[in-house]
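Counting begins at 1 with the first residue of the sequence. Please read all numbers here as calculations on a predicted model, not as lab measurements.
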Amino acid sequence: MTTAALLDAVAELLYARHTADPEAASAARREYEERRGRVHQEDELWEPWSAAFVEWYVVERVAPGESRPPAAATHRELAAAGDPRADAVAALVTSHRSLFEIRAMARGRIELLDLLGGAAFNVDEQRALHGVEVGDVAELRLVGIAGEVQFGRTFIYHPKAARGAIVERAHAMLATGSTRRDIIDHVAQLRVHVTRYRHMPVARVYELGSRIMG
């Protein structure tokens, strides 16, 4: 089994284990939407938004009264049983979510620049990412496992024209003490507003920021 296939199988295991409670999932969804904006099922963002939500819910979110995300419990169980999948679960729990610019694309490899931290990453990716171009900006989750860097399931693309505004806003927020998550969620809200303000140039939506979010 390839590393990518292993991560995919482990993600399905985690989803099956930790998304069965509809009330808990609904509460998490409300929290997610409060921070990032609400997307409706008919919206163009619905599928990537939902995929990113479930991944966040399982591998990153710490529920009230808990000290770790749901996937951490599965990691403890698998590790105690000597299950080889434990390492893949640990890799997901310690994965890196940020805003990235795609710097180069080659067969089997994509080069990224972390727009919030400045680090460069080479991601092992055998799939053809249709419609993705050098210069694109996206919220992505990177998973380091077995000496490789793989993509998670979070793929939320921002308009290429908004790159400058995104970087400027990120730097301003970092300077005032905002966390990485604060910035990612704020920029995600702006992405939602792009679908609401179609009469406005997309870069302008990101430049206006909080003023259009009321």
Side-chain angles (χ1 to χ4, degrees), residues 28 31-39 43-45 48-49 51-53 55-57 59-62 69 91-106 109-125 129 131-144 149-214:
E31 176 187 333
Y32 192 74
E33 290 176 346
E34 285 173 3
R35 291 187 61 96
R36 297 168 59 89
R38 187 174 185 184
V39 172
D43 291 345
E44 63 188 49
L45 288 172
W49 209 257
F53 162 71
E55 188 170 63
W56 166 81
Y57 175 43
V59 308
E60 188 174 340
R61 177 180 183 259
V62 178
L92 282 166
V93 173
T94 58
S95 57
H96 177 62
R97 182 165 62 95
S98 191
L99 295 169
F100 297 92
E101 179 186 8
I102 296 174
R103 302 298 298 272
M105 301 176 69
R109 189 190 73 178
I110 297 178
E111 182 181 328
L112 304 174
L113 174 67
D114 186 340
L115 293 177
L116 303 184
F121 296 88
N122 288 317
V123 180
D124 295 279
E125 179 55 71
L129 300 182
V132 179
E133 300 177 350
V134 172
D136 283 348
V137 175
E139 176 187 340
L140 305 167
R141 182 181 299 278
L142 304 187
V143 185
V149 179
Q150 296 280 338
F151 285 121
R153 294 187 176 183
T154 297
F155 287 87
I156 297 177
Y157 287 93
H158 295 275
K160 188 183 299 188
R163 182 198 184 282
I166 289 172
V167 172
E168 182 177 350
R169 184 156 298 279
H171 287 171
M173 292 181 70
L174 286 171
T176 59
S178 295
T179 66
R180 179 186 295 267
R181 184 189 173 194
D182 290 335
I183 296 167
I184 295 170
D185 288 347
H186 176 76
V187 174
Q189 288 187 60
L190 296 175
R191 179 64 184 88
V192 173
H193 277 75
V194 167
T195 67
R196 311 286 192 262
Y197 290 82
R198 295 187 183 277
H199 63 286
M200 186 181 296
V202 293
R204 187 62 175 158
V205 175
Y206 285 80
E207 289 167 3
L208 290 173
S210 300
R211 280 177 282 177
I212 67 169
M213 295 191 296

Just jot down the side chain to side chain donor-acceptor pair (under 3.5 Å) partners of [X], sequence neighbours excluded, or say none.
{"X": "Arg36", "result": "Tyr32, Glu139, Asp185"}
{"X": "Glu133", "result": "Lys160"}
{"X": "Asp114", "result": "His96, Ser98, Arg180"}

request  = Locate the shortest heavy-atom distance separating Ala91 from Gly144; write the atom from each residue and the value.
outcome  =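 Here Ala91 and Gly144 meet closest at CB-O, 3.4 Å.
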inquiry  = In the structure I gave you, are the side-chain heavy atoms of Arg97 and Leu140 within less than 4.5 Å of one another anywhere?
reply    =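 With C-beta onward as the side chain, the pair stays apart.
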ask   = Taking only residues at least two apart or on different chains, which pairs with a member in residues 157-185 satisfy ring pair (Phe, Tyr, Trp, His ring centres under 6.0 Å)?
value =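 Residue pairs with at least one partner in residues 157-185: His158-Tyr206.
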With sequence neighbours excluded, what pairs up with [X] under the side chain to side chain contact (heavy atoms under 4.5 Å, CB included) test?
{"X": "Asp182", "result": "Arg35, Met173, Ser178, Thr179"}
{"X": "Val93", "result": "Pro69, Ala71, Val89"}
{"X": "Val202", "result": "Pro159, Ala161, Val194"}

message = Checking Glu31 now: which residues fulfil salt bridge (Lys or Arg N to Asp or Glu O under 4.0 Å) with it, not counting sequence neighbours?
response =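 Residues passing salt bridge (Lys or Arg N to Asp or Glu O under 4.0 Å) with Glu31: Arg61, Arg181.
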key: salt bridge (Lys or Arg N to Asp or Glu O under 4.0 Å) involving Arg141 - partner list, sequence neighbours excluded   =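 Once residues adjacent in sequence are excluded, the partners of Arg141 under the salt bridge (Lys or Arg N to Asp or Glu O under 4.0 Å) criterion are Glu55, Glu60.
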ask   = Would you say Arg163's side chain and Asp136's backbone share a donor-acceptor pair under 3.5 angstrom?
value =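 Checking the backbone N and O of Asp136 against the side chain of Arg163, no donor-acceptor pair under 3.5 Å is found.
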